[in-house]
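In what follows, a single structure is set out as C-alpha cells and then discussed.
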Amino acid sequence: MAEQRDYFEDVYQVVRQVPSGRVTTYGAIARYLSLRAGARMVGWAMNSSHGHNVPAHRVVNSQGILSGKHFFGGPTIMQQLLEDEGVQVTDDRVVDFKTKLWDPSEELAM
DNA sequence: TGAATGACGTACT
DNA sequence: CAGTACGCCATTC
C-alpha cells in the first residue's frame, strides 16, 4: 500500500480549485506541478481520486475530450456532471473547451 | 526482479 | 494533415 498521497493530493488540490463551469487538462496540471512524468501520472492520481472529493470530471485531455468518462461508472456520468455545471458537452467533447479551459498556471500563477 | 500497463502529450515520419 | 512512435514514471501482475 504505497501512500503516495502527497503527490496525488497536490493534483487533487489543483482540481478542487477548478471553478464550476470550467475544465482543465492533464498536461496543464502536470506542467503546473512540474511533473516530469508528464500527464500520465495526473490521470493516475485521478484513478485514486475515488473517495477524495475530487471533481475529476472537470479534468479532460488536451483536446477537451472526456477521456475518463468511462471510469465514472458510466459513459454519461462525466458528461452529465459537466452539463450540470454549465459546461456543454457534445460527442464527449467540451464545447468551447478552449474558452472554458482553466489553466492553473494562469489562474493560480502569481 | 522484470515486464506490462496506463484518465496523456509531444515529436517525428 | 494524418498516423505512428516515443517519453515519462508510478502502480500492478
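Hydrogens, waters and symmetry mates play no part in the numbers below; they use all other heavy atoms, side chains included. Throughout, protein chains are lettered first and strands after them, A, B, ... in sequence-line order, and every chain is numbered starting at 1. From a predicted model like this one, the values you see are computed outputs, not experimental measurements.
- Contact annotation: the side chain of Val11(A) approaches that of Leu33(A) to within less than 4.5 Å [non-hydrogen atoms, C-beta and beyond].
- When distances run from any side-chain atom of Met41(A) to the nucleotides dA7(B), dG9(B), dG6(B), the shortest one goes to dG6(B).
- Computed from coordinates, the Asp10(A) CG to dA10(C) P distance equals 14 Å when rounded to whole Å.
- Taking every heavy atom of both residues into account, Leu108(A) and Tyr32(A) meet most closely at CB-OH, 3.7 Å.
- Heavy atoms of Ala56(A) sit under 4.0 angstrom from at least one base atom.
- Atom CH2 of Trp44(A) is separated from atom C1' of dG6(B) by 4 Å (rounded to the nearest Å).
- Whole-Å rounding puts the His50(A) NE2 to dT11(C) P distance at 16 Å.
- A salt bridge links Glu85(A) with Arg58(A): at least one charged nitrogen is closer than 4.0 Å to a carboxylate oxygen.
- A heavy-atom distance below 4.0 Å to DNA chain B is reached by none of the residues of residues 82-92 of chain A.
- With a 6.0 Å radius and a threshold of 12 heavy atoms from other residues, nucleotides or ligands, Asp91(A) has its CG atom above the threshold.
- Counting any heavy atom pair closer than 4.0 Å across all strands shown, Gly43(A) reaches a base atom.
- Between Ile29(A) atom CD1 and dC9(C) atom C1' there is a gap of 17 Å when expressed in whole angstrom units.
- The residue Asn61(A) sits close only to the backbone: its heavy atoms come under 4.0 Å of sugar-phosphate atoms, none of a base.
- From Ile77(A), atom CD1 reaches atom CG of Leu66(A) across 12.0 Å, with rounding to the nearest 0.5 Å.
- Clustering of Ile, Leu, Val, Met, Phe, Trp and Tyr side chains at separations under 4.5 Å leaves Val95(A) isolated, with no partner residue.
- Counting to the nearest Å, the P atom of dA10(C) and the CG atom of Leu33(A) are 14 Å from each other.
- Counting to the nearest Å, the P atom of dT11(C) and the OH atom of Tyr7(A) are 9 Å from each other.
- Comparing the C1' positions of dA7(B) and dG3(C) gives an interatomic distance of 22 Å, to the nearest angstrom.
- Of all heavy-atom pairs between Gln79(A) and Val89(A), the closest is NE2-O, 3.4 Å.
- The CZ atom of Arg31(A) sits 12 Å away from the C1' atom of dT10(B) (whole-angstrom rounding).
- Straight-line distance from the CZ atom of Phe71(A) to the P atom of dG6(B): 8 Å, rounded to whole Å.
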